[in-house]
**Q** 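Handing you a structure now.
Naming: A, B, ... by sequence-line order, numbering from 1 per chain.
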2 protein chains.
Amino acid sequence: MTKRNVTKLTPVSSNPRSSGSNTDKLVDELRRRIVTNQMPPGSRIRENELAEEFGVSRSRVRDAFGILEERGLIERIPNKGAVVMRLEADSFLELFDVREVLEGLMVRLATQNTEPEYWDDLIELFGDDLEKAVAENDFNAYMAAIAVFRQTCIEAAGSDTLRGLLDDIYDRVLSMTRRLMLVPGRASEGFRQHQGILQAMKAGDAEQAEVLKRDNIRSARQWFLKYNDFLL
Amino acid sequence: MTKRNVTKLTPVSSNPRSSGSNTDKLVDELRRRIVTNQMPPGSRIRENELAEEFGVSRSRVRDAFGILEERGLIERIPNKGAVVMRLEADSFLELFDVREVLEGLMVRLATQNTEPEYWDDLIELFGDDLEKAVAENDFNAYMAAIAVFRQTCIEAAGSDTLRGLLDDIYDRVLSMTRRLMLVPGRASEGFRQHQGILQAMKAGDAEQAEVLKRDNIRSARQWFLKYNDFLL
DNA sequence: GCTGATAATATTGTCAACAATATTTTTTGC
DNA sequence: GCAAAAAATATTGTTGACAATATTATCAGC
């Protein structure tokens, strides 16, 4: 796979390992700004501005834009410029569909490839402390835990192909995930679902883990559908 | 989505609709050469050569390389150059896993979105004539039929997100698909499986269609595993 | 003839200048 | 004062030249 499919540990931090070439650094920083809503959807981004800010030539920015476009993070209109991709409700539903099957595959493979003990740390992370945090609306703690869950599973699944697809999708839906968390009841439901998935994984029941993970995404989709007027 | 996710009707022909910008044309032609094995895996490709051949500057070729790299068709080693991506057995197995769930999703959505009559043409295409052709090892006819099947399903599924993912994967596995067809028994089995899937789709049984499509890919995976010494 | 250092060549990486296109501002006619 | 045309400005598209790096060829010493 390409270099971009390396581990992204924290949700929004830049990735030191992908900072090899000059262009990669640019891609990574722009990606960070987009997924953190520092550059919100619809923002116009000018090549010159970025070139000046980063002290590189416009060609580098241009290359970065090409990659960002390929990843679906920005949209380029010929001779007009680039804007941060604005997703409509339909696109989010499509992404939920794809996430459902891919994240299902992720936990299935992860379960098949690991011993039960592998999941102990995660099970502890998704314990009483986090439950309390979620109950008290500490979304940062919950987001961080989910990121660890995700990362651990991808690692265990051991498929670079899958990792690449999930990373791309993750970038596109991160800001929506954060917003969805605000919907009353969604976070605690998601928390319980993750506990269930982890139990199945520790039990080595790959099929059940896949079913539960798919349920998890489908339910997130339902919440989105119900509240999309507020979320978009 | 980006421009690349437009319809790719025939397996290896260039796509007129994507030939807007200069770079797009290059990407499309290079993609064609790679998936047709005109540029086999491992081939070194030089920026200068292509620039001269296409009568454009090296920068255009460079941009095209960036996109091709992002799609996983070529590999670029800094200061050394680009080579057509060479897939190992592991990568193919990973791709089979991903295809299984994504193509399953594809037929499920396609079934849900269509009336039974929608599939009549395809059912006729996968009729006695094609069966005879397959029996007589007319792989071109079968490949073409599969391409139509695929295209029709993607169209019906109506998800640009899914289309983008499947298009990328398709390019990467096309040459392997062609080779797999040579394995005695695989083509006719695949043919029957597609007939079954089409039946389920016409019956409106989305779940069953998904199950059968996943079976289809899993069985292809098995054949690959068994014969990979000959296939790679 | 072989090996290692060095020069010559080839290839990729980066840039700044110019061309083409779009946007904004100014001017002109009414 | 308003509308349309024209000029000025800004932004993206493309190119060729030069720098940095890697590969190949040459040559000296043994």
**Q** Of the nucleotides C/dT21, C/dC15, D/dT14, which has the atom closest to the A/Ser57 side chain?
**A** C/dC15
**Q** Tell me which nucleotide among D/dT15, D/dT12, C/dT12 gets nearest to the side chain of B/Asn48.
**A** C/dT12
**Q** Please report, rounded to the nearest Å, how far the P atom of D/dT12 is from the CZ atom of B/Arg60.
**A** 15 Å
**Q** Quick one: on DNA chain D, does B/Asp63 or B/Arg58 contact a more 5' nucleotide (nearest heavy atom)?
**A** B/Asp63
**Q** Just the rounded figure in Å: distance from P of C/dT21 to CD of A/Glu47.
**A** 16 Å
**Q** Answer yes or no: are there more than 12 heavy-atom neighbours, outside A/Gln38 itself, under 6.0 Å from its atom CD?
**A** yes
**Q** Can you tell me which nucleotide in D/dT11, C/dT23, C/dT12 comes closest to the side chain of A/Lys80?
**A** C/dT23
**Q** Could you tell me whether A/Arg108 and B/Asp97 make a salt bridge, using a distance below 4.0 angstrom between a side-chain N and a carboxylate O?
**A** no
**Q** Between D/dT11 atom C1' and A/Ile45 atom CD1, what is the distance in whole Å?
**A** 13 Å
**Q** What is the separation between atom CD on B/Glu52 and atom P on C/dT11, rounded to the nearest whole Å?
**A** 11 Å
**Q** Does A/Arg218, at its CZ atom, have more than 12 non-hydrogen atoms belonging to other residues, nucleotides or ligands within less than 6.0 Å?
**A** yes
**Q** In whole Å, I'd like the distance from the CZ atom of B/Arg76 to the P atom of D/dT21.
**A** 17 Å
**Q** Quick check for you: among C/dT11, D/dT12, D/dT15, whose closest atom lies nearest to any side-chain atom of B/Ser59?
**A** D/dT15
**Q** With a 4.0 Å cut-off on N to O distance, would you call A/Glu29 and A/Lys25 a salt bridge?
**A** no
**Q** Take the protein atom CG of B/Asn79 and the nucleotide atom C1' of D/dT23, then report the distance between them rounded to whole Å.
**A** 12 Å
**Q** Using whole Å, report how far CZ of A/Phe65 lies from P of D/dT12.
**A** 7 Å
**Q** Rounding to an integer number of Å, can you tell me how far A/Asn22 CG sits from C/dT12 C1'?
**A** 14 Å
